[in-house]
Amino acid sequence: MTDEPMMSKSEIAMINDILDKLKPKFCLEWGGGRSTEYFPKQHPGITQWVAVEHNGHWVQRVAPTLPDNAMIIWSPDNEWYIDCVKHSRVFDFILVDGLMREQCLDMARKILSPDGVVLLHDAGRAEYEHFITRNNGEMIAEGEIPQKDGGYAHRGIAKFGASL
């Protein structure tokens, strides 16, 4: 596994900058992966980084690489994928980069600390425009980056919550 998340270098730098300024203690990520390993290692002040992932094979691959301040929860059931964290705690930082993103964002509003930040990765997708607008989100990184094969990388980050 490579060290960096499956994001553009500018997105990684942007998230690192937000984490540096926010100094979160408790973080949540829907859609675990390389970011689940990378960001907690880069920010040892994070007490706990919890990732929720639906793919059991991916969980088995990621889990052995995680630092002590990170954990990954396998949740193959769609309803449980969203709800498994609703009674756990309040989070200072939430990264939404997995399944059912709008439902995860709705849940994130309920479990986010008052000064917390929620980021939606791949926010450049057209289907998220209405949600970002309706919830006072702010696009902080570009999306829909053209690729050599004629397709698009649905990159981009939208931010919700505290202003930094």
Side-chain angles (χ1 to χ4, degrees), residues 1-16 18-19 24 26-43 46-112 116-129 131-132 135 137 141 143-145 147-149 151-161:
M1 206 177 260
T2 67
D3 289 346
E4 292 188 337
M6 295 173 63
M7 301 173 174
S8 70
K9 294 213 181 284
S10 64
E11 290 172 335
I12 294 168
M14 191 172 293
I15 294 171
N16 276 323
I18 289 169
L19 292 170
F26 300 100
C27 304
L28 172 65
E29 175 183 23
W30 273 290
R34 293 178 190 156
S35 52
T36 311
E37 175 186 4
Y38 177 83
F39 290 118
K41 279 184 180 176
Q42 297 299 311
H43 303 275
I46 293 172
T47 301
Q48 185 178 51
W49 184 288
V50 178
V52 180
E53 174 57 44
H54 76 283
N55 184 321
H57 296 293
W58 189 239
V59 169
Q60 288 178 340
R61 184 170 176 199
V62 170
T65 69
L66 298 181
D68 290 342
N69 61 343
M71 64 181 286
I72 190 164
I73 299 168
W74 177 45
S75 181
D77 177 82
N78 285 348
E79 186 176 332
W80 180 247
Y81 181 83
I82 298 164
D83 289 345
C84 68
V85 293
K86 74 178 179 183
H87 298 295
S88 60
R89 70 163 40 282
V90 173
F91 293 93
D92 308 307
F93 176 82
I94 299 174
L95 176 60
V96 179
D97 195 14
L99 297 178
M100 300 174 296
R101 293 173 186 216
E102 287 189 38
Q103 295 93 325
C104 291
L105 288 164
D106 284 337
M107 178 59 71
R109 293 188 335 204
K110 298 173 187 173
I111 59 175
L112 184 67
V117 170
V118 177
L119 298 181
L120 171 63
H121 188 242
D122 295 331
R125 295 176 181 172
E127 67 252 35
Y128 300 133
E129 285 180 33
F131 187 90
I132 293 166
N135 290 282
E144 300 290 10
I145 300 170
Q147 301 296 295
K148 291 177 186 175
D149 66 1
Y152 288 89
H154 299 291
R155 298 289 190 218
I157 298 175
K159 181 169 94 55
F160 305 84

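FYI, side chains are in, hydrogens and waters are out, and symmetry mates aren't considered; it's all heavy atoms of this structure. FYI, the numbering just counts along the sequence from 1.
Using a 4.5 Å heavy-atom cutoff, the side chains of Leu112 and Phe160 are not in contact. Residues Trp49 and Asn69 form no side-chain contact, since every pair of their non-hydrogen atoms from C-beta on lies 4.5 Å or further apart. Under the 4.5 Å side-chain criterion, counting only non-hydrogen atoms from C-beta, Lys86 is in contact with Met107. At least one side-chain heavy atom of Val85 sits under 4.5 Å from a side-chain heavy atom of Trp30. The shortest side-chain heavy-atom distance between Pro40 and Leu66 does not fall under the 4.5 Å cut-off. Counting heavy atoms from C-beta outward, Val118 and Phe91 have side chains that stay 4.5 Å or more apart. Using a 4.5 Å heavy-atom threshold, the side chains of Phe26 and Val90 count as separate. Looking at Leu19 and Pro24, their side chains come closer than 4.5 Å, going by heavy atoms from C-beta outward.
Within a 6.0 Å sphere centred on CD of Glu127, other residues, nucleotides and ligands contribute more than 12 heavy atoms.
Not counting sequence neighbours, the partners of Asp97 by the side chain to side chain donor-acceptor pair (under 3.5 Å) test are Arg101, His121. Residues satisfying the side-chain contact (heavy atoms from CB on, under 4.5 Å) criterion with Asp68, sequence neighbours excluded, are absent altogether. Taking the side-chain contact (heavy atoms from CB on, under 4.5 Å) definition, one finds that Gln103 meets it with Ile82, Met100, sequence neighbours left out. Evaluation of the side-chain contact (heavy atoms from CB on, under 4.5 Å) rule for His87 yields no partner, not counting sequence neighbours. Not counting sequence neighbours, the partners of Asn16 by the side chain to side chain donor-acceptor pair (under 3.5 Å) test are Tyr38, His43. For Lys9, the salt bridge (charged side-chain N to carboxylate O under 4.0 Å, His left out) partners are Glu4, not counting sequence neighbours. For Ser10, the side-chain contact (heavy atoms from CB on, under 4.5 Å) partners are Ser8, not counting sequence neighbours. Ser88 meets the side chain to side chain donor-acceptor pair (under 3.5 Å) test with no other residue; sequence neighbours excluded. In this structure, the side chain to side chain donor-acceptor pair (under 3.5 Å) partners of Arg109, at least two apart in sequence or on a different chain, are Asn135.
Across Trp80 and Ser75, no two heavy atoms sit closer than the pair CD1-OG, 2.8 Å. Glu53 and Ile72 get closest at one heavy-atom pair: CB-CD1, 3.8 Å. Shortest non-hydrogen contact noted between Leu95 and Phe93 is CB-CE2, 3.9 Å. When all heavy atoms of Glu11 and Gly156 are compared, the pair lying nearest together is OE2-N, 2.7 Å. A pairwise comparison of heavy atoms in Asp122 and Arg155 identifies OD1-CA, 3.8 Å as the closest pair. In this structure, Gly32 and Trp58 approach most closely via the heavy-atom pair O-NE1, 2.8 Å.
Glu102 places no side-chain N or O within donor-acceptor distance of the main-chain N or O of Tyr128, the cut-off being under 3.5 Å.
Note: Ile15 CD1 to Lys159 NZ = 12.5 Å, rounded to the nearest 0.5 Å. Remark: Arg34 CZ to Asp3 CG distance equals 10.0 Å, nearest 0.5 Å. For the atom pair CD of Glu29 and CG of Leu119, the computed distance is 10.5 Å after rounding to the nearest 0.5 Å. Atom SG of Cys104 is separated from atom CG of Leu99 by 7.5 Å, given to the nearest 0.5 angstrom.
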